[in-house]
There are 6 protein chains.
Amino acid sequence: METKLQLLSLTILFYTQSAHAADFCVADLASRETSTGYPCKSPSNVTVDDFVFKGFTAPLSTSNPNKLSLNRAFVKSFPALNGLDLAAVRVDMERDGVVPLHSHPYSPEMIFIIEGTVTAGFVSGLDSNVAYIKTLNKGEMMVIPQGFLHFQANSGPGNATIFVNFNKADPGVQFITGALFRNSFPTWLLEKTTGISQAEIRDLKNLHGGSG
Amino acid sequence: METKLQLLSLTILFYTQSAHAADFCVADLASRETSTGYPCKSPSNVTVDDFVFKGFTAPLSTSNPNKLSLNRAFVKSFPALNGLDLAAVRVDMERDGVVPLHSHPYSPEMIFIIEGTVTAGFVSGLDSNVAYIKTLNKGEMMVIPQGFLHFQANSGPGNATIFVNFNKADPGVQFITGALFRNSFPTWLLEKTTGISQAEIRDLKNLHGGSG
Amino acid sequence: METKLQLLSLTILFYTQSAHAADFCVADLASRETSTGYPCKSPSNVTVDDFVFKGFTAPLSTSNPNKLSLNRAFVKSFPALNGLDLAAVRVDMERDGVVPLHSHPYSPEMIFIIEGTVTAGFVSGLDSNVAYIKTLNKGEMMVIPQGFLHFQANSGPGNATIFVNFNKADPGVQFITGALFRNSFPTWLLEKTTGISQAEIRDLKNLHGGSG
Amino acid sequence: METKLQLLSLTILFYTQSAHAADFCVADLASRETSTGYPCKSPSNVTVDDFVFKGFTAPLSTSNPNKLSLNRAFVKSFPALNGLDLAAVRVDMERDGVVPLHSHPYSPEMIFIIEGTVTAGFVSGLDSNVAYIKTLNKGEMMVIPQGFLHFQANSGPGNATIFVNFNKADPGVQFITGALFRNSFPTWLLEKTTGISQAEIRDLKNLHGGSG
Amino acid sequence: METKLQLLSLTILFYTQSAHAADFCVADLASRETSTGYPCKSPSNVTVDDFVFKGFTAPLSTSNPNKLSLNRAFVKSFPALNGLDLAAVRVDMERDGVVPLHSHPYSPEMIFIIEGTVTAGFVSGLDSNVAYIKTLNKGEMMVIPQGFLHFQANSGPGNATIFVNFNKADPGVQFITGALFRNSFPTWLLEKTTGISQAEIRDLKNLHGGSG
Amino acid sequence: METKLQLLSLTILFYTQSAHAADFCVADLASRETSTGYPCKSPSNVTVDDFVFKGFTAPLSTSNPNKLSLNRAFVKSFPALNGLDLAAVRVDMERDGVVPLHSHPYSPEMIFIIEGTVTAGFVSGLDSNVAYIKTLNKGEMMVIPQGFLHFQANSGPGNATIFVNFNKADPGVQFITGALFRNSFPTWLLEKTTGISQAEIRDLKNLHGGSG
């Protein structure tokens with residue numbers, strides 16, 4: 001009994017009514033963002049529900065030409081990720097669905113095949129340009145180095161679901177299709193800097209809503 | 001045609017036969033570890049299979065008192081994680097299975113419920129000691145701040161499978177049960193530093209293989 | 001004389017009336033905390049006294065069962081630490097005093113024995129669970145890896161004083177006693193996730209003010 | 001005189017014959033690379049010439065379709081950059097020369113126009129796809145966020161020279177032309193993941209040396 | 001045509017009207033600085049001109065004893081550098097001009113000689129105190145480790161221009177002349193802590209505007 | 001009893017004979033240093049004594065003009081600091097002793113006055129050059145921002161002892177006296193870059209062992 005009494009005071013000395021901001025920093029999205037994230041929501045207003053994300057329980061619609069749904073759990077939709085250097089995406093693809101070539105400026109990614117068969121790949125840098133491509137089955141994982149172009153395509157007969165992880169609360173995303181063909185980047189300059197013909201560029205701009 | 005020719009030389013200028021070590025650094029596990037990971041396997045020996053991990057396709061055995069299987073994809077089992085600040089664990093629990101209280105010194109974690117119903121929780125720091133506990137269903141996620149004690153328990157009627165992510169290639173792990181009751185930490189000192197009675201400690205040491 | 005004149009203008013070119021925020025960022029504790037600390041107090045309001053901490057000149061009371069005083073110089077009590085990745089604690093223990101088992105999620109620690117004889121130790125991770133324990137005399141130091149459970153106990157005949165250093169402005173702290181026995185963590189779940197018997201848990205909750 | 005004598009001993013206490021490895025870590029390129037760089041060349045073998053780079057005094061050949069020369073001062077050609085998180089490229093373009101669209105996975109970049117007139121730009125991420133394009137004159141600078149696609153084109157009547165800076169010893173580089181059209185990435189899959197027509201892809205693969 | 005349609009929806013799913021703060025964080029200088037920089041200007045108010053810096057097109061005046069002009073592109077004058085860990089200085093020296101001994105607490109530096117002949121050097125740390133000094137010609141570069149004393153002097157017959165790079169948005173700067181001789185640091189204490197005679201210190205304080 | 005059995009298997013599943021390198025990375029000083037530290041000593045050869053440092057139990061000799069002893073616990077003398085980003089110095093000064101002006105390129109510092117009365121101070125950067133100087137008594141602390149010039153002087157009637165902490169395993173050190181007057185830095189160039197007269201420089205070089 002003596003020993004147990006001995007430890008009693010410690011918790012008394014330090015007891016306060018709410019968690020300390022040093023323990024976690026759930027984003028207050030109404031405040032101004034900095035280059036390292038958001039100011040913290042007051043710990044006394046944080047509950048367990050702040051740490052739970054329910055946006056992955058079902059895909060968004062896949063009724064689109066890509067037959068693709070991307071649910072994002074980045075800091076803006078899951079504020080508890082603020083300062084934790086973690087984020088995730090749930091990817092669902094119908095048969096023949098695809099996540100087109102894209103890159104993440106601030107994070108590598110790790111993909112885990114929850115359902116279906118997926119062909120995934122990335123291309124290495126300037127001095128080799130090697131395409132590392134692999135067909136993955138349910139339960140298999142693949143990692144993609146930070147900042148390099150990569151894709152996933154449903155290569156199985158049914159639907160596919162992928163769980164994707166990042167080590168930043170917002171890894172950033174850039175798709176080739178959007179970056180090249182969905183803005184006013186001048187067509188002649190796009191040809192000059194990619195080598196793609198102006199005719200092809202104009203076709204793709206028409207499809208993606210670009211101009212110029 | 002002229003434009004396309006124009007870009008040809010660039011790749012010629014820089015072309016080399018293999019990927020550059022700047023692109024990725026797959027661990028050469030046979031070399032000496034440093035505090036920031038392993039030396040890189042030669043890029044010319046790296047193939048797409050280095051980036052693929054097949055250790056999560058099935059659980060390990062759950063025929064144990066915890067009814068628990070933990071498959072770890074840390075840098076030692078998945079060398080491509082070296083330098084990528086990513087890692088994962090596949091957790092499988094039979095009915096009533098449990099991942100006992102533990103902490104990760106080097107990473108927060110994010111859990112995604114792939115199958116079943118799981119009660120998960122963590123405790124905040126000294127000044128509040130709040131227990132944040134929640135029952136999660138399939139498709140729900142929860143994040144746990146770095147270094148704090150947390151657990152997962154199967155609270156559903158069937159099996160449960162969790163996918164766990166980290167932002168280090170090896171997050172470190174410390175279980176309370178192992179740290180306290182599976183070594184030669186003197187029983188009287190353990191009582192003095194935890195308040196748990198010596199009788200209780202001796203019982204638990206007997207179970208976990210501790211001495212002293 | 002010519003040379004000396006030569007350098008005069010440089011300071012004239014850049015002279016301003018107060019220190020630049022690039023030099024230091026003393027916390028403005030009245031502002032919102034972010035995951036990387038506090039906004040800076042205006043440099044023109046910073047004086048040398050901001051860089052000085054007087055909270056360690058004497059222990060707090062040790063008239064408690066742990067016979068322990070912990071003075072903390074973390075960013076909240078010593079705002080100059082903001083952005084410097086440094087913090088400290090002064091520990092005083094009467095004879096038989098103890099700092100119970102705890103961990104710091106965000107920093108390793110280094111202890112320096114200023115007075116007395118102290119037995120200190122930590123336990124390594126899951127794959128070894130080794131207890132590294134040592135009795136230290138005045139003037140000796142010990143380092144503890146980040147995030148692992150550790151303790152200090154006064155093992156000498158008189159008082160003991162320790163100076164503890166961290167490499168974060170707030171390293172975070174979690175004590176086993178507080179985390180397990182001073183909140184509403186359900187008793188049956190605590191037994192399930194630690195293996196400690198419910199009878200023992202109830203005894204300890206009574207002592208530490210827990211419920212459930 | 002007394003004061004001057006007073007300081008003499010300090011240097012005597014610590015005098016050693018060569019610089020300490022804590023001061024700098026010039027890469028020993030013959031050793032194994034890690035994810036954080038190379039082991040250090042012995043400080044006693046380091047001379048001032050290790051810190052000097054002479055590869056930028058003249059452009060490489062611009063007699064190529066891009067009318068472009070890229071001299072790289074990355075850690076492999078300038079070993080003193082090891083551990084310093086700095087690198088540079090000298091870019092020279094003849095009239096109508098171009099640096100095609102590319103990205104750097106590990107670093108933002110800052111360009112300084114040393115000579116000529118250059119049109120430079122980058123495209124922002126998925127949610128906006130904005131093309132930020134500007135014509136820069138001699139002496140002007142522009143910064144490009146990390147990991148996003150960007151280009152430079154000589155838009156003046158004469159030659160252009162740019163000095164480019166990075167904050168990593170090797171920022172990594174990926175060109176769209178090389179990544180898409182200079183490897184065995186299957187043509188049908190490239191169409192599927194970029195939307196570019198197979199006919200256009202085959203044309204570009206022919207030019208850039210790709211197959212598949 | 002079918003393939004092109006297939007990718008259309010992706011950009012529609014995610015299209016928003018302005019760039020995302022995850023892409024860049026141009027400093028809002030009117031907001032409170034933190035130890036990691038400034039809050040972000042709203043992305044919708046950011047234009048390409050935010051990424052362009054025109055302060056380097058000409059030197060400031062060199063009509064001063066140092067015959068020196070230092071144009072600084074740090075975050076306060078070039079807000080786009082916020083969060084990018086890049087900065088630069090344009091140095092111009094007339095014949096016999098000099099950048100006196102100084103150090104940068106937060107960044108190494110890389111200098112590129114744009115025009116003229118410059119003698120540059122740094123001194124290594126306590127255990128060696130080696131002076132690494134080199135005369136550099138146009139087009140040559142030199143790197144200086146973080147935090148060590150260094151200088152540049154025009155050692156050619158004409159003007160010299162240097163482009164200096166850093167890996168922080170504000171590297172900090174401390175000149176020996178200003179630190180020692182342009183404030184109220186007591187003369188007797190300065191002698192005691194540098195060994196320089198009081199007579200010499202008084203002379204230099206008179207020149208640089210110091211007192212005490 | 002059932003619950004206790006339930007947790008038994010976990011430690012069995014993971015039990016190995018020695019600590020994991022993920023837990024700590026004690027430096028193997030015989031191996032090649034990298035810019036981030038040393039390779040790890042094999043965990044199976046690490047004992048508790050690796051974590052203990054006994055070099056601070058007494059000062060080194062103070063029988064020198066500075067009346068100063070500096071015991072350093074940096075990674076080279078205390079290999080357990082490798083990868084922990086912690087280091088310390090014990091400073092002892094006899095009456096009138098002094099730690100001359102110096103800076104640490106890689107770490108701020110925090111000083112704790114263990115014995116005596118100490119006047120300490122630092123100077124801020126270029127735009128202010130403010131000297132922040134304070135006399136500290138036993139038990140008081142002061143922090144010094146990274147990379148700025150600072151000093152400590154015994155200003156009391158007896159001996160003084162200071163415990164100094166850093167947040168790097170080797171913070172680097174540069175003393176003005178050694179950097180300027182204990183090497184072959186040409187006297188005329190030193191005058192040009194500091195403004196100190198050649199006569200004074202020659203006097204100081206004679207005292208400190210410099211030449212040139």
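Keep in mind it's a predicted model, so treat the numbers as computed, not measured. Quick note on labels: first sequence line is chain A, next is B, and so on, each numbered from 1.
- Only the side chain of C:Leu180 has a heavy atom closer than 4.5 Å to any heavy atom of chain B.
- Using the six-membered ring where Trp is involved, C:Phe181 and C:His208 have ring planes that are parallel, under 30° apart on the 30 and 60° scheme.
- Ring orientation note: the planes of C:His102 and C:His150 are tilted relative to one another, at an angle of 30° to 60°.
- Heavy-atom distances place the side chain of C:Ile133, and not its backbone, under 4.5 Å from chain B.
- For the pair C:Leu126 and B:Gln174, the minimum side-chain heavy-atom distance is 4.5 Å or more.
- For B:Phe185, the parts sitting under 4.5 Å from any heavy atom of chain C are the backbone and the side chain alike.
- Judged by distance alone, with hydrogens and angles left aside, the side-chain atoms of B:Asn165 form no donor-acceptor pair with the main-chain N or O of B:Leu86 at under 3.5 Å.
- B:Asn183 places a side-chain N or O within 3.5 Å of a backbone atom of B:Ala179 that can act as its donor or acceptor partner.
- Most heavy-atom pairs under 4.5 Å with chain C: of the set B:Leu149, B:Ile176, B:Leu190, this distinction falls to B:Leu149.
- Both the backbone and the side chain of C:Phe148 come within less than 4.5 Å of a heavy atom of chain B.
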